[in-house]
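Throughout, a chain's letter reflects where its sequence line sits, starting with A, and its residues are numbered from 1.
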Protein chains: 2
Amino acid sequence: MEYKKELQRLIAEFKTNYLSSVSIDLVIFGFHDGQLKVLLLRWKGTDDWCLPGGRILHEENLDEAAYRSLRERTGLSEIFLQQFHTFGDVMRYKNFSKQETLLKLGLPDEAQRELVSRDVSVGYYALVEFAEVTPTPDFFTEECRWWDVDQIPLLLFDHNDMITIALKTLRRQLSYQPIGYKLLPEKFTMPDLQQLYETILGQELDRRNFQKRMLGYNILERLEERKFGGAHKAPYLYRFDKEKYEKALANESLFVG
Amino acid sequence: MEYKKELQRLIAEFKTNYLSSVSIDLVIFGFHDGQLKVLLLRWKGTDDWCLPGGRILHEENLDEAAYRSLRERTGLSEIFLQQFHTFGDVMRYKNFSKQETLLKLGLPDEAQRELVSRDVSVGYYALVEFAEVTPTPDFFTEECRWWDVDQIPLLLFDHNDMITIALKTLRRQLSYQPIGYKLLPEKFTMPDLQQLYETILGQELDRRNFQKRMLGYNILERLEERKFGGAHKAPYLYRFDKEKYEKALANESLFVG
DNA sequence: CCAAAAGTGTTAGTCATACACCCATGC
DNA sequence: GCATGGGTGTATGACTAACACTTTTGG
């Protein structure tokens, strides 16, 4: 069987090329249709979903491995990516029992030992521009698509926890530094940005205070253009001043040398 | 030679009992004499210091492994311990070149391959009560002692970075949640607590505002006792209300299910 | 011209900062 | 008794939250 052969090849590759016992999991956020989305993968031959992940090459920095994995799933290269927590519980089979999980994965015994053995996993979250993503499954999965964050099903392993914690981190991040670049198209209106914030935070914000705060960050550039076509007064378009944006990010970011 | 034999045994044990490619590093903070201290280890036969670390048993949760390692170095069991960042750069030899580092460690070739090969390391920081710690070196080190945070020498690997980031995290933590339990003796005065905060933050605080803020958290219990012996007015003693303290911690802590 | 959304400014309230006074203790 | 630190209260400023009016657009 083709699958089994390829699997064997993969396991061999895993053992020689990648660090054992460590992996990466990605919570990739996108924003579309007024909804915050997460990219999930469906395991081959099952109805079960999980987060995209990756492994680390022997001579590869952890961050680079995360970037590479992200690129492989989305086709994107320039994105906001940040480590948020490392997961290392032995029982990472919260939602289904270990037996159940292994059954669901449908792997041959030897593959189980190699692939589903206990790993420590470093969680990263990414903010990407929805429209530019080409969701791409990997060898173990046959579907890759966006899910609304508030409609995530029971996932394999501890991946529901990962999303919860990623979201918490993202929300906290939002409160002390600007976010939005790469989550929105290049030009956007203030209401667009506000909707993004409201969606991430899960609560409504005051239109006028929001605008004041955003302009106060001094990272937005108001264009002459406006966005017509809506049924009402045409809002201005804005663009991130990338230089100032990066500066603001670096300023408050925890992990700057 | 005794050392070499023991080393071989250890390597074998490492390979069978612990996860490969992942390790733990600990930034253990204590407070004494108006100074914030970090526990460091001196490598056998060298003048070079590094952070205490540990490895993860196959059937052990990541957090438990960190607790265990902490216990081994300090003798303490009930302490504040928190994961703060995971380090995975290939070149974790910032301060000295890789050649230099390996030379310094003075390990036989085969041990180098096994022990100093590239690991991803999960950083934890701990707050402990200085007076109750019994610093204990491990097999590779011959001295374990406290260092003032502002007098840390060039450390092996990327351990200076780790301390920097741990301290940054601690400082941020301080600004949105109470800290002090287990860093101070059970009974302490308000000036004691303030000194702790000032030391961690590296800046002076207003005495009166500080007191207001602390009492506002509603986690302190003022005792009838006062602390005499100082040359001036005797300050009240306080104690943490453990229940309320834990609640306050849980409230704002990121990683609560 | 009307409904609905967008632009803008003003006020109130809360929280952090700055500061002043009195009191107790050991020398 | 006096120098020094500790206990407590009040005024001020900054930032956030609450809110109102006018303007513009498509239907």
Respond yes when some side-chain nitrogen or oxygen of [X] is under 4.0 Å from OP1 or OP2 of [N], and no when none is.
{"X": "B/Arg222", "N": "D/dG6", "answer": "no"}
{"X": "B/Arg226", "N": "D/dG6", "answer": "no"}
{"X": "B/Gln211", "N": "D/dG6", "answer": "no"}

Nearest heavy atoms of A/Pro137 and A/Glu143, plus distance in Å: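 Closest approach of A/Pro137 to A/Glu143: CB-N, 3.9 Å.
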
Nearest non-hydrogen partners of B/Ile24 and B/Ser121, listed with the distance: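 What the structure gives for the nearest pair is C-OG, 3.8 Å.
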
When the distance from [atom1] of [X] to [atom2] of [N] is rounded to whole Å, what number comes out?
{"X": "B/Asn209", "N": "D/dG13", "atom1": "CG", "atom2": "P", "value": "15 Å"}
{"X": "A/His232", "N": "D/dG27", "atom1": "NE2", "atom2": "C1'", "value": "10 Å"}
{"X": "B/Phe210", "N": "C/dA18", "atom1": "CZ", "atom2": "P", "value": "16 Å"}
{"X": "A/Arg207", "N": "D/dA20", "atom1": "CZ", "atom2": "P", "value": "12 Å"}
{"X": "A/Glu198", "N": "C/dA5", "atom1": "CD", "atom2": "P", "value": "13 Å"}
{"X": "B/Gln194", "N": "D/dG6", "atom1": "CD", "atom2": "P", "value": "9 Å"}
{"X": "A/Met214", "N": "C/dA6", "atom1": "CE", "atom2": "P", "value": "16 Å"}
{"X": "B/Tyr236", "N": "D/dG5", "atom1": "OH", "atom2": "C1'", "value": "15 Å"}

Aromatic ring pairing A/Tyr125/A/Phe29, orientation class (parallel under 30°, perpendicular over 60°, tilted between):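 Answer is perpendicular, since the angle exceeds 60°.
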
Donor-acceptor pair (no angle test) under 3.5 Å: [X] side chain, [N] base:
{"X": "A/Lys227", "N": "D/dT24", "result": "no"}
{"X": "A/Lys233", "N": "C/dT8", "result": "no"}
{"X": "A/Arg208", "N": "D/dA20", "result": "yes"}

Sugar-phosphate, base or nothing in reach of B/Ala234, heavy atoms under 4.0 Å: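 Sugar-phosphate only.
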
DNA chain C: 5'-proximal contact among B/Gly229 and A/Asp206 (nearest heavy atom):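 By nearest-heavy-atom nucleotide position, the 5'-most residue is A/Asp206.
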
B/Lys212, nearest nucleotide to its side chain (from C/dT17, D/dT25, C/dG26):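 That would be C/dT17.
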
Centroid separation A/Tyr181 to A/Tyr245 less than 6.0 Å: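 Between A/Tyr245 and A/Tyr181, which both carry aromatic rings, the centre distance is below 6.0 Å.
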
Candidate pair A/Lys37 and A/Asp148, rule salt bridge (charged side-chain N to carboxylate O under 4.0 Å, His left out), full reasoning: CA-CA 4 Å; A/Lys37 313 263 187 182; A/Asp148 284 2; 2.7 Å; yes

